Amino acid sequence: MSIRLNCKYLRDFISDAELEAMRDETAAAQSLLYENKDKAAGSDYHGWLTLPADYDKEEFARIRAAAKKIISDSKALVVIGIGGSYLGARAAIEFVTSKNYNLTAVDTPQIFFVGNSISPTELSEVLSICEKTDFSVNVISKSGTTTEPAVAFRMFKALAEKKYGKEEAAGRIYVTTDKRKGTLKALADKEGYAQFVVPDDVGGRYSVLTAVGLLPIACAGVDIDALMAGAAASMEAFCDRDLKKNDCAKYAAIRNLLYRKGKKVEMMVCYEPDYTLMNEWYKQLFGESEGKDNKGLFPASVIYSTDLHSMGQYVQEGERILFETVVTFDAPKCDLPIEADAENADGLNFLAGRSMDYVNRKAREATVLAHTDGGVPNVLIECGKMDAYNLGELIYFLEKACAVSGYLLGVNPFDQPGVESYKKNMFALLGKPGYEALADTLKKRLEN
């Protein structure tokens, strides 16, 4: 495994005895995923656990074929989805390629993610781009009725039919939805759209290694076979019940120990800007899984050294409510040498002969030491390269750690009841039939 957990900077915050005391508790949490599913909250959503080994190979082949077609006939792919229906795919694409993917794509289409907000400005910009170029659409929704993606799909469906005619447009629309039911499923059956499945036993935030994430990822030219192989390696490596032999379970235990010691915020840190969307994916994964019953670490994120110039002061000397999980890589995607300058006007000739990666690593080491000296615990997740295989390892590592951590916390890490509250209010205020009584109550509250 390329993934290692480096705990040496926790010595002043967690003792060996405290970690050892978590051994039985963590083993029991893991057993809820494996042997005692009937006792585990959310056990109907454990499908991600063995997904890297038992995924649908026939559908996987259809995903590859669909990606090949999209690459051949489209200059743009519009991915419509919100939350887990887009974050994983976008994070994976930027992790393996670049956060500037759309500016650097040559043999693959530009990929635009919409339906994750209700901003008319954002939507109109992408519509304008697609009016001028050949495009395909991948709409991702379990039900087809979630407001943000449903509104976006209505508009891009209309544009495709206007531009290509109904029959050709149908061949450019790819639907990822429920296998048997739902508004989007019914429409796909009626119109003859290519269909892929959102598995019943895999929740949205755990779905990046299903068709939900794999089709857009494949369209970006990312090796999805390597991605799944990396996840399979992680699945095999992190199943031991012994805390001393399982870095994934150890990470879950450390998070909970720090939480019990009063650390309420986990800040995920990386020194590679291409990790920015992985930070966003992590925030949904852990925030939606653990934030229940007035419990849970608040997941935050930064990209250093950029954010050291905005958040560094607070981390160093603000309230002692947070710890940092630092994701590192053995090597960058590329490196640049620093050459000597005859005038040395910037005073940087002491770095001549060094590389940019060397400077980046020293910035990280300096920051970890400064923050731990300032009372901020740091745990490092050390990875290999930023490629598809290592991403698969990391995705599964974080998913497994999240599930174990949720059970340690005493919550169901696979539901999200709180998300429904704003949806009901929004439906009522928008005038959706059936919400009239709630609408009256909300309007009075807003007026007062």
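For the numbers below, each heavy atom of this structure counts, side chains included, while hydrogens, waters and symmetry mates do not. Please read all numbers here as calculations on a predicted model, not as lab measurements.
Using a 4.5 Å heavy-atom threshold, the side chains of K244 and K250 count as separate. The side-chain heavy atoms of M426 and I118, taken from C-beta on, include a pair separated by under 4.5 Å. With contacts defined as side-chain heavy-atom distances shorter than 4.5 Å, the pair K292/L409 does not qualify. With contacts defined as side-chain heavy-atom distances shorter than 4.5 Å, the pair F153/I173 qualifies. No side-chain heavy atom of V269 sits under 4.5 Å from any side-chain heavy atom of T325. Using a 4.5 Å cut-off on side-chain heavy atoms (C-beta onward), V326 and I381 make no contact. The shortest distance between side-chain heavy atoms of L33 and K400 falls below 4.5 Å. A heavy-atom distance below 4.5 Å is not found between the side chains of V79 and V114.
N360 and D357 share no donor-acceptor pair across their side chains, judged by distance under 3.5 Å alone. If you check the side chains of N100 and T104, you find no donor sitting under 3.5 Å from an acceptor. Side chains of S355 and D335: a donor on one and an acceptor on the other come within 3.5 Å. No side-chain N or O of S117 forms a donor-acceptor pair with one of S119 less than 3.5 Å apart. No hydrogens or angles considered: a donor-acceptor pair under 3.5 Å links the side chains of S2 and E393. Between the side chains of S143 and D178, not a single donor N or O lies within less than 3.5 Å of an accepting N or O.
Environment of CD in E25: crowded, with over 12 heavy atoms of neighbouring residues, nucleotides or ligands closer than 6.0 Å. More than 12 heavy atoms of other residues, nucleotides or ligands lie within 6.0 Å of CD in E35, so this atom counts as buried by the packing criterion. By the neighbour-count criterion of 12 heavy atoms within 6.0 Å, atom NZ of K283 is densely surrounded, having more than that number from other residues, nucleotides or ligands. No more than 12 heavy atoms of other residues, nucleotides or ligands lie within 6.0 Å of NZ in K162, so this atom counts as exposed by the packing criterion. Remark: E167 CD is loosely packed, at most 12 non-hydrogen atoms of other residues, nucleotides or ligands lying under 6.0 Å away. Within a 6.0 Å sphere centred on NZ of K75, heavy atoms belonging to other residues, nucleotides or ligands number 12 at most.
Nearest heavy atom pair, residue L297 against residue K263, reads CD2-O, 3.1 Å. Across all their heavy atoms, S405 and E290 have their closest contact at OG-OE2, 2.7 Å. In this structure, I93 and I217 approach most closely via the heavy-atom pair CG1-CA, 4.0 Å. Between V302 and D307, the shortest heavy-atom distance links the atoms CA-OD2, 3.3 Å. Between A220 and I111, the closest heavy-atom pair is CB-CD1, 3.8 Å. Smallest separation of non-hydrogen atoms from V368 and N378: CG2-OD1, 3.8 Å.
Between D73 and K68, no side-chain nitrogen of the basic residue sits less than 4.0 Å from a carboxylate oxygen of the acidic one, so the salt-bridge criterion is not met. The residues K99 and E94 are annotated as not salt-bridged, no charged nitrogen and carboxylate oxygen being separated by less than 4.0 angstrom. With respect to the salt-bridge test (charged N to carboxylate O, under 4.0 angstrom), the residues E266 and R255 qualify. Using a 4.0 Å cut-off between charged nitrogen and carboxylate oxygen, K179 and D200 do not count as a salt-bridge pair. Look at E280 and R90 and you find no salt bridge, because none of the NZ, NE, NH1 or NH2 atoms lies under 4.0 Å from a carboxylate O. Comment: D242 engages R23 in a salt bridge, judged by a side-chain N to carboxylate O separation of less than 4.0 angstrom.
The aromatic rings of Y271 and Y304 lie perpendicular to each other, with more than 60° between the two planes, well past the 30° mark. Ring-plane geometry between H46 and Y407 is classed as perpendicular, the angle between the planes exceeding 60 degrees on a 0 to 90 degree scale with a lower cut at 30.
In this structure, CZ in F113 is found 11.5 Å from CD in E122, a value given to the nearest 0.5 Å. Atom CZ of R4 sits about 10.0 Å away from atom CG of L380, to the nearest 0.5 Å. Here the CG-CG distance, from L215 to N138, works out to 4.5 Å after rounding to the nearest 0.5 Å. In this structure, SG on C130 lies 6.5 Å from CG on L159, to the nearest 0.5 angstrom. For the atom pair R64 CZ and L214 CG, the distance stands at 10.5 Å (nearest 0.5 Å). Interatomic distance, K423 NZ to N425 CG, rounded to the nearest 0.5 Å: 12.5 Å.
Scanning for side-chain hydrogen bond (donor to acceptor under 3.5 Å, both in side chains) contacts around D293 gives an empty result, with sequence neighbours left out. Applying the ring pair (Phe, Tyr, Trp, His ring centres under 6.0 Å) test to F427 and every residue at least two apart in sequence or in another chain returns Y435.
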Would Y174 and Y193 satisfy side chain to side chain contact (heavy atoms under 4.5 Å, CB included), going step by step from the backbone distance to the final call? CA-CA 6 Å; Y174 301 80; Y193 301 148; over 6 Å; no
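Taking the centre of each ring, H371 and Y9 stay at or above the 6.0 Å mark. Checked against the 6.0 Å centroid threshold, F397 and F238 count as a close aromatic pair. A ring-centre distance under 6.0 Å is not found for F13 and F323.
Both tests pass for K264 against the ring of Y259: distance under 6.0 Å to the centre and angle within 45° of the axis. Relative to the ring axis of F135, R172 does not place its NZ or CZ within 45° and under 6.0 Å from the centre. The side-chain tip of R205 does not point at the ring of F286 from less than 6.0 angstrom away and within 45° of straight on. Stacking of R361 on the aromatic ring of Y358 is not recorded, the 6.0 Å distance cut-off and the 45° axial limit not both being met.
Considering Y389, Y282, F329 as possible partners of F95, the one that fulfils the ring pair (Phe, Tyr, Trp, His ring centres under 6.0 Å) test is F329.
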